[in-house]
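Here is the structure we will look at.
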Amino acid sequence: MEFSAKQIAELIQGSVEGNENATVNSFAKIEEGKEGAISFLANSKYTHYIYETKSSVVLVDEGLKLEKEVACTLIRVKNAYEAVAKLLQLYESMKPKLKGISSLAFIDETATVGKDCYIGPFVAIGPGAKIGDGCVLHPHVTIGARASVSDNTEIYSNAVIYHDCKVGKNCILHAGCVIGADGFGFAPTADGYDKIPQIGIVTIEDNVEIGANTCIDRSTMGSTYVRKGVKLDNLVQIAHNTDIGANTVMSSQVGVAGSTKVGEWCMFGGQVGISGHITIGNKVMLGAQSGVPGSIKDNQQLIGSPPMEMKPFFRSQAIFRRLPEMYKELAALRKEIEEIKSKK
């Protein structure tokens, strides 16, 4: 489909600067722009590309000041990044939705599947499982016994929902993620380790997105919770009996140990590690590779292991890099002091 700059500006409440009849039919990064594409500029590091891009239309912030003329048509908006996200969502919603049940899928006779669903080849849906309306299950998805998936949720290939677990509405579960594997529970004995049965479940609330190969373990008893609006990147590990608060986001390789409560609107960078049996407050931001051994109060911005406030951390890192030099200076001073003492 093709849209003019004027039509796009009306959709995102922007103003056109240039040819309002310029048309686009695809998206492109600003540095890889081509005729007929729309790009966006939201990071000042890429500003120089706007003078050479071949894209027909570029979304920019209202306050962007240009040093010279540009060949493309501009659409100025309050926030270019938010505007392009809105356009991409619109583009995605216009794609035809898959429907129908493959003859190669297995659906237990006691399972129920809602209307307007797509069930791909080699999908397996176990006894008593419930699939809501408008769900999309790509090939090789496994839904365990008595598990439930609510309306308009999409699950990609090779994802597994274990028995009795619950997935809410409008969720996206990417390839290979595992919901409801046993929590890591073992009791040490003289002969080794006795497995502690994990008889709980996992509850995924509405509007959650879970990345590829991410694992969320079932609880020992009760439920592990991932609350509404949570976004988890690829390769994230959520242990048993945790409770991840609403609208929290976690980057790749974050690990949260068991029985930890994470608050709402938190943001964790890549490879953050959270100890078990602690509480992380609301709106806590943790920089990449932070290691958290204890509880954290609300509204903290921390980094490091153990984590500290941003400014002291970076000052400490600057000193750390100078430690070899400082050690030599200290050794030289010690030697001078010893020489002075020996002359007395």
Side-chain angles (χ1 to χ4, degrees), residues 1-97 154 156 170 172 174-175 207 209-212 214 229-236 247-254 265 267-271 285-289 301 303 310 314:
M1 297 184 70
E2 200 168 69
F3 295 90
S4 69
K6 181 180 179 181
Q7 290 173 316
I8 294 169
E10 289 172 353
L11 282 170
I12 57 177
Q13 290 79 51
S15 59
V16 178
E17 193 173 298
N19 179 14
E20 66 177 16
N21 296 314
T23 57
V24 297
N25 55 27
S26 64
F27 290 86
K29 294 190 291 187
I30 193 169
E31 65 269 31
E32 298 174 359
K34 57 185 179 181
E35 188 174 347
I38 183 170
S39 301
F40 75 103
L41 175 62
N43 188 325
S44 59
K45 293 180 180 179
Y46 294 85
T47 301
H48 62 282
Y49 286 115
I50 202 167
Y51 304 110
E52 56 193 59
T53 188
K54 302 298 182 184
S55 290
S56 300
V57 176
V58 179
L59 302 176
V60 299
D61 291 341
E62 289 176 346
L64 177 69
K65 295 181 180 179
L66 300 176
E67 298 176 355
K68 53 185 178 181
E69 291 186 2
V70 296
C72 57
T73 294
L74 303 181
I75 299 179
R76 292 186 178 270
V77 291
K78 289 183 179 180
N79 186 306
Y81 194 73
E82 289 181 3
V84 77
K86 184 176 180 179
L87 287 178
L88 288 169
Q89 290 166 4
L90 179 64
Y91 173 78
E92 191 71 15
S93 69
M94 295 174 69
K95 289 183 179 179
K97 192 168 184 179
E154 185 165 13
Y156 284 89
N170 306 311
I172 300 173
H174 288 280
N207 303 307
E209 183 159 353
I210 297 173
T214 283
V230 166
K231 314 299 180 189
L232 303 179
D233 199 356
N234 305 328
L235 298 168
V236 170
N247 300 305
T248 283
V249 296
M250 300 183 187
S251 294
S252 182
Q253 298 182 30
V254 167
W265 293 102
M267 299 179 68
F268 297 170
Q271 297 186 337
M285 298 179 65
L286 294 170
Q289 295 190 327
Q301 296 184 27
I303 189 171
M310 299 285 185
F314 289 117

Using only atom types and a distance under 3.5 Å, with no angle test, would you say the side chain of T53 pairs donor to acceptor with the backbone of I30? yes

Short side-chain to backbone donor-acceptor contact, S252 and D233, under 3.5 Å: no

Residues pairing under side-chain hydrogen bond (donor to acceptor under 3.5 Å, both in side chains) where one sits in residues 33-47, two or more places apart or in two chains, turn out to be S39-S55

Check this for me: K97, atom NZ, are more than 12 non-hydrogen atoms of other residues, nucleotides or ligands nearer than 6.0 Å? yes

Quick check: closest heavy atoms across I303 and F314, and the distance to 0.1 Å? CD1-CZ, 4.4 Å

In Å and rounded to the nearest 0.5 Å, what is the CD1 to CG distance from I210 to L232? 5.5 Å

Can you find a heavy atom in the side chain of I38 that is under 4.5 Å from one in the side chain of V84? no

Are the side chains of I12 and L87 in contact, using a 4.5 Å heavy-atom criterion? yes

Please report the closest heavy-atom contact between A5 and V16, naming both atoms and the distance. O-CG2, 3.8 Å

For A28 versus G33, what's the shortest heavy-atom pair and its separation? CB-CA, 4.1 Å

Search all heavy atoms of S56 against all heavy atoms of V24 and return the closest pair with its distance. CB-CG1, 4.1 Å

Report the relative orientation of the aromatic rings in Y156 and H174; use parallel for angles under 30°, tilted for 30 to 60°, perpendicular for over 60°. parallel

I'd like to check the side chain to side chain donor-acceptor pair (under 3.5 Å) partners of Q301; sequence neighbours left out, ordered by chain and number. none

Option from L41, I50, L64, V57 for which side chain to side chain contact (heavy atoms under 4.5 Å, CB included) with L74 holds: I50

Measuring from atom CG of L11 to atom CG of L90, what distance do you get when rounded to the nearest 0.5 angstrom? 6.0 Å

Keeping N234 on the side-chain end and A212 on the backbone end, is there a donor-acceptor pair under 3.5 Å? yes

May I ask you to decide if V236's main-chain N or O and T214's side chain share a donor-acceptor pair within less than 3.5 Å? yes

From Q89 CD over to M94 CE, what is the distance, rounded to the nearest 0.5 angstrom? 14.0 Å

More than 12 heavy atoms of other residues, nucleotides or ligands under 6.0 Å from OH of Y51: is that the case? yes

More than 12 heavy atoms of other residues, nucleotides or ligands under 6.0 Å from CD of E2: is that the case? yes

Pairs flagged by salt bridge (charged side-chain N to carboxylate O under 4.0 Å, His left out) wherever residues 70-92 is involved - sequence neighbours left out: E17-R76, E92-K95

Minimal non-hydrogen separation, S251 against G269, with atom names: CB-C, 3.7 Å

Tell me whether S4 contacts the main-chain N or O of N21 through its side chain, where contact means a donor paired with an acceptor under 3.5 Å. no

Above 12 or not: heavy atoms from other molecules or residues under 6.0 Å from NZ of K231? yes

Less than 4.5 Å apart, any side-chain heavy atom of V254 and any of L286? no

Should L66 and V60 count as side-chain neighbours, where that means a heavy-atom distance under 4.5 Å? no

In terms of heavy-atom contacts, A80 and L59 come closest through CB-O, 3.9 Å

